[in-house]
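Worksheet: the structure to be examined is printed underneath.
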Amino acid sequence: MAALPLLLAPLALNVGKIYPIDLGGPSNQLVHAARMGNIARVRQCFLDHNLDDLDLNSALDAAAAYAHADIVEFLVRFGATDLESALLSATARDHVKVVAYLISKERRHPATNTREAQTLASNLGAFNCDWLLTVHRWKERR
């Protein structure tokens with residue numbers, strides 16, 4: 001029984017990360033708008049709040065997971081940097097257009113975890129992304 005508080009203490013410290021406390025906060029509004037594909041609301045979040053108050057990487061991950069390529073591009077232009085996680089989210093759901101954008105060599109800093117993404121695609125049966133990533137990795141080796 002004495003061990004129970006010790007087990008629950010770390011969970012209590014992370015409650016804000018696991019279950020957001022402020023559901024109406026700036027980052028939560030941005031992530032929700034990105035997940036829903038509402039580009040107008042995403043832009044409004046940038047106008048209403050300071051950039052430091054917004055979690056661009058979580059919004060990028062949500063937009064990539066739901067195949068909102070225009071929002072993915074918008075967030076990357078405004079400073080979202082966790083392309084690796086976004087690549088895996090888009091790959092898991094076979095969103096080829098988003099994956100193609102994230103690994104594009106035309107971009108300054110493309111996502112680099114293509115091997116992990118290809119493995120994920122092949123294991124989940126995301127055939128379109130598997131082919132795209134196979135061709136991309138083959139071209140890199142040449």
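Hydrogens, waters and symmetry mates play no part in the numbers below; they use all other heavy atoms, side chains included. Quick caveat: nothing in here was measured; it's all calculated off a predicted structure.
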Which atom names give the shortest non-hydrogen contact between P110 and S104, and what distance separates them? CB-O, 3.3 Å

For a side-chain contact (heavy atoms from CB on, under 4.5 Å) check, start with the C-alpha distance between D82 and E84, then their side-chain angles and the critical distance, and finish with the verdict. CA-CA 5 Å; D82 192 7; E84 312 305 326; 4.1 Å; yes

Do I39 and L54 share a hydrophobic cluster, counting only Ile, Leu, Val, Met, Phe, Trp and Tyr and linking them when any side-chain heavy atoms are less than 4.5 Å apart? yes

Separation of R41 CZ from C45 SG (nearest 0.5 Å): 4.0 Å

Other residues, nucleotides and ligands only: do more than 12 of their heavy atoms fall within 6.0 Å of NE2 on H136? yes

Hey, what do you get for NE2 (H68) to CG (L60), rounding to the nearest 0.5 Å? 12.5 Å

Quick one: list whatever passes ring-ring contact (aromatic ring centres under 6.0 Å, His included) with F74, sequence neighbours left out. F46, F78

Tell me the closest heavy-atom pair linking A34 and A59, and the distance in Å. CB-O, 3.4 Å

Could you walk me through whether V96 and W131 pass the side-chain contact (heavy atoms from CB on, under 4.5 Å) check? CA-CA 10 Å; V96 178; W131 276 104; over 6 Å; no

Check step by step if side-chain contact (heavy atoms from CB on, under 4.5 Å) holds for R93 and Y66. CA-CA 8 Å; R93 294 189 172 151; Y66 287 91; 3.7 Å; yes

Quick check for you: to the nearest 0.5 Å, what is the distance between L120 atom CG and T91 atom OG1? 6.5 Å

Just do the side chain to side chain donor-acceptor pair (under 3.5 Å) check on D130 and S122 with the steps written out, would you? CA-CA 6 Å; D130 188 15; S122 64; 4.9 Å; no

Interatomic spacing from CG in L88 to OG1 in T114 - rounded to 0.5 Å: 10.5 Å

Do you know the tightest heavy-atom contact between A64 and A86? CB-O, 3.5 Å

Flag the pair R115 and E140 as a salt bridge only when some basic side-chain nitrogen lies within less than 4.0 angstrom of an acidic carboxylate oxygen. no

Check against side-chain contact (heavy atoms from CB on, under 4.5 Å), L75 and I71: CA-CA 6 Å; L75 292 168; I71 295 175; 3.7 Å; yes

Quick check on side-chain contact (heavy atoms from CB on, under 4.5 Å): which of L51, D61, T81 does L56 satisfy it with? L51

Separation of H109 NE2 from L83 CG (nearest 0.5 Å): 9.5 Å

Measuring from atom CD of E73 to atom CZ of R107, what distance do you get when rounded to the nearest 0.5 angstrom? 9.0 Å

ILVMFWY network linking L133 to V98, side-chain heavy atoms under 4.5 angstrom: yes

Work out which heavy atom in A65 is nearest to a heavy atom in H95; give both atom names and the distance. O-NE2, 2.9 Å

Does N38 reach the side chain of V42, with side-chain heavy atoms less than 4.5 Å apart? no

Quick one: do the H49 and Q29 side chains pair a donor with an acceptor below 3.5 Å? yes

Would you check if N57 and D55 make a side-chain contact, meaning some heavy-atom pair closer than 4.5 Å? yes

